[in-house]
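Have a look at the structure below before the remarks.
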Amino acid sequence: DAGVIQSPRHEVTEMGQEVTLRCKPISGHDYLFWYRQTMMRGLELLIYFNNNVPIDDSGMPEDRFSAKMPNASFSTLKIQPSEPRDSAVYFCASSLGTSGGSTDTQYFGPGTRLTVL
Amino acid sequence: GQQVMQIPQYQHVQEGEDFTTYCNSSTTLSNIQWYKQRPGGHPVFLIQLVKSGEVKKQKRLTFQFGEAKKNSSLHITATQTTDVGTYFCAGYSSASKIIFGSGTRLSIRP
């Protein structure tokens, strides 16, 4: 199994540009999560999907951020327009699903390091 | 809103010393998970605790879930240089909210 795949691994862009981050979850996993990690704010959950449907997007910082999951094997996180404060490592994770009072292990991708100049 | 506080933020120990990190939630959790992130890497799942008062061990690592299901701890006995990294707890509420703790960064003097 290839694990969770993210692209690009590094992205450097200028303020005001559109940025699109991509994620391919582990095959068969029903849940997909997008996280942002910074030194100041730690690891923050931005949004997660269940069976391609957004379940909780309360962590999305503002309207400049949007996420889509058009099918079970692909998701995007878009920032438009990007700002320097968006510089962070963005992780995608997937899991099999939740049941009862427990949740399944989240498998994280390698992350995309975004730098907005 | 729900918060998960994790302490300490940093811990620097001599190799062979013990290490403990604590997580405290403002609300009762349905379960809690622990992850380890090596420098430059991504979080990797360590363990999940579900039951009140549960204790689990993985070699030198001991994980506990409080009786009230609002706190948890990770204890490492006799640290080794391979233990270096940041340890995160992730609390899950009954409303399917997921909150990661701020992490404890462990560094070790050989």
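All values below come from the heavy atoms of this structure, side chains included, with hydrogens, waters and symmetry mates left out. Lettering follows sequence order; numbering is per chain, from 1.
- In B:Tyr22, the OH atom is not crowded: 12 or fewer heavy atoms of neighbouring residues, nucleotides or ligands sit closer than 6.0 Å.
- Residues of residues 100-110 of chain B lying under 4.5 angstrom from chain A, judged on non-hydrogen atoms, are B:Phe100, B:Arg105 by number.
- Note: A:Tyr31 OH to B:Ile98 CD1 = 9.0 Å, rounded to the nearest 0.5 Å.
- Linking ILVMFWY side-chain heavy atoms closer than 4.5 Å, directly or via other members, places A:Val89 and A:Trp34 in two distinct hydrophobic clusters.
- The cluster map of Ile, Leu, Val, Met, Phe, Trp and Tyr, joined by side-chain heavy atoms under 4.5 Å apart, puts B:Val4 and B:Tyr87 in different clusters.
- Counting heavy atoms of neighbouring residues, nucleotides and ligands inside a 6.0 Å radius, atom CG of A:Asn71 exceeds 12 of them.
- Residue pairs meeting the ring pair (Phe, Tyr, Trp, His ring centres under 6.0 Å) criterion with at least one member in residues 39-58 of chain B, sequence neighbours excluded: B:Tyr35-B:Phe45.
- Neither the backbone nor the side chain of A:Met40 comes within contact range of chain B; no heavy atom of the residue lies under 4.5 Å from a heavy atom of that chain.
- Connection of B:Phe63 to B:Ile76 is established within a shared hydrophobic cluster, with ILVMFWY side chains joined at heavy-atom distances below 4.5 Å, either directly or through further cluster members.
- Contacts of A:Leu45 with chain B are made by side-chain atoms alone, with heavy-atom separations under 4.5 Å and no backbone atom involved.
- Looking at A:Gln37, the atoms closer than 4.5 Å to chain B (heavy atoms on both sides) all sit in the side chain, from C-beta outward.
- In this structure, the portion of A:Phe33 lying under 4.5 Å from any heavy atom of chain B is its side chain and not its backbone.
- A:Phe91 and A:Val19 are assigned to two separate hydrophobic clusters, defined by single-linkage of ILVMFWY side chains at heavy-atom distances under 4.5 Å.
- Put simply, B:Ile32 and B:Val44 are part of two different groups of oily side chains (I, L, V, M, F, W, Y) that touch within less than 4.5 Å, one to the next.
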